[in-house]
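A note on names: the letters A, B, ... follow the listed sequences, proteins ahead of strands, and every chain is numbered from 1. Values below: every heavy atom of this structure, side chains too, minus hydrogens, waters and symmetry copies.
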There are 2 protein chains.
Amino acid sequence: MGIIRRTKSVEMLLDEFQKDSGAISVIELIKRVNSKINKTTVYRVLDNLEDDGILHSFLDKNGIKWYAKCYDCSTAGHSDAHPHFQCINCGKVDCLTLEVNIPKIPDREVMVAQVLIQGKCKACFV
Amino acid sequence: MGIIRRTKSVEMLLDEFQKDSGAISVIELIKRVNSKINKTTVYRVLDNLEDDGILHSFLDKNGIKWYAKCYDCSTAGHSDAHPHFQCINCGKVDCLTLEVNIPKIPDREVMVAQVLIQGKCKACFV
DNA sequence: TAATTTAATGCAACTGAGTTGCAAATATAA
DNA sequence: TTATATTTGCAACTCAGTTGCATTAAATTA
């Protein structure tokens, strides 16, 4: 449906993505804005921001929902085919700008590919 | 922990993977063996079979757990780096034998990559 | 600026996949 | 056949995410 009114909840949530460059899990967001915004509202605002092409979402290894800022998306559609990287040590998740080449598959029409890469991030990889 | 005893539950579940070449969701399995095996047992047996390198698991687009037969795995470790293909029309999920090349990423150590490809399968792609 | 409209919010209760603890059942070794 | 250790069923639980509905508050209009 998308965002229509510029409410406090919208401002506050967008602000979190302003100061955090990586992806943020909904659980983490709910914790951060707890006592300010109800969790139902958090889910709904994020959903709207995704419809508007401002955020995109994906599930991590444990089926938990994460959101991150979009760069090349719009209400017309998401081009968030980029892979996501989750550190198995600190849990941080980032969008990777690199492209993963998905080969053509015989007898099948490929439409979207989700790539979740796990490993150690810069801070944890010594 | 792995399977130690050859019980009816183990036979019955392995049988499902014998007659079904693709992946099967736990939800579907529970439905199929319902009234024969308790859902807790289904989860536990599948978990054991994964430990034994007989099945491997992954989450689909909706965070639902699926299992499929392993080919090159063992108790020593899973080599299930192959991508999984989910048909957006009929919902069927298959393991793809092709390899997806994950490039090296600067400052990060890549350990595992999960690739879930969505599109239309042979039957649904006309 | 006040009144009106309609989107956004909070709350409580719910859903559903997956988990846990424990007593009872059953496969396997002795 | 008996002993013992694994497996199972059951019921109750967890927890991320959803739904319905009454209330609140943006934004529009008069």
Student: Check the distance between dT7(D)'s C1' and I3(B)'s CD1 and give it to me in whole angstrom.
Tutor: 9 Å
Student: Among residues 27-42 of chain A, which residues get a heavy atom nearer than 4.0 Å to DNA chain C?
Tutor: K36(A), I37(A), N38(A), T40(A), T41(A)
Student: For I64(A) and dG17(D), what is the distance between atoms CD1 and C1' respectively, to the nearest whole Å?
Tutor: 10 Å
Student: Can you give one letter per nucleotide of nucleotides 23-30 of chain D, 5' to 3': B if a protein heavy atom sits under 4.0 Å from the base, S if only from the sugar-phosphate, - if neither?
Tutor: --BBS---
Student: Using distance alone, with no hydrogens and no angle criterion, decide if Q114(B) and Q114(A) have a side-chain donor and acceptor under 3.5 Å apart.
Tutor: no
Student: Could I get the full list of side-chain hydrogen bond (donor to acceptor under 3.5 Å, both in side chains) partners for E99(A), not counting sequence neighbours?
Tutor: none
Student: Indicate yes or no: does R108(A) engage D94(B) in a salt bridge with an N to O separation below 4.0 Å.
Tutor: yes
Student: Using a strict 4.0 Å threshold on nitrogen-to-oxygen distance, state whether R32(A) and D20(A) make a salt bridge.
Tutor: yes
Student: Could you state the OH-P distance from Y43(B) to dG16(C), rounded to the nearest angstrom?
Tutor: 13 Å
Student: For the CD1 atom of I105(B) and the CZ atom of F85(A), what is their distance to the nearest 0.5 Å?
Tutor: 5.5 Å
Student: Any donor-acceptor pair under 3.5 Å joining the side chain of R44(A) to the base of dG17(D)?
Tutor: no
Student: Is there a donor-acceptor contact under 3.5 Å from the side chain of E50(B) to the main chain of S57(B)?
Tutor: yes
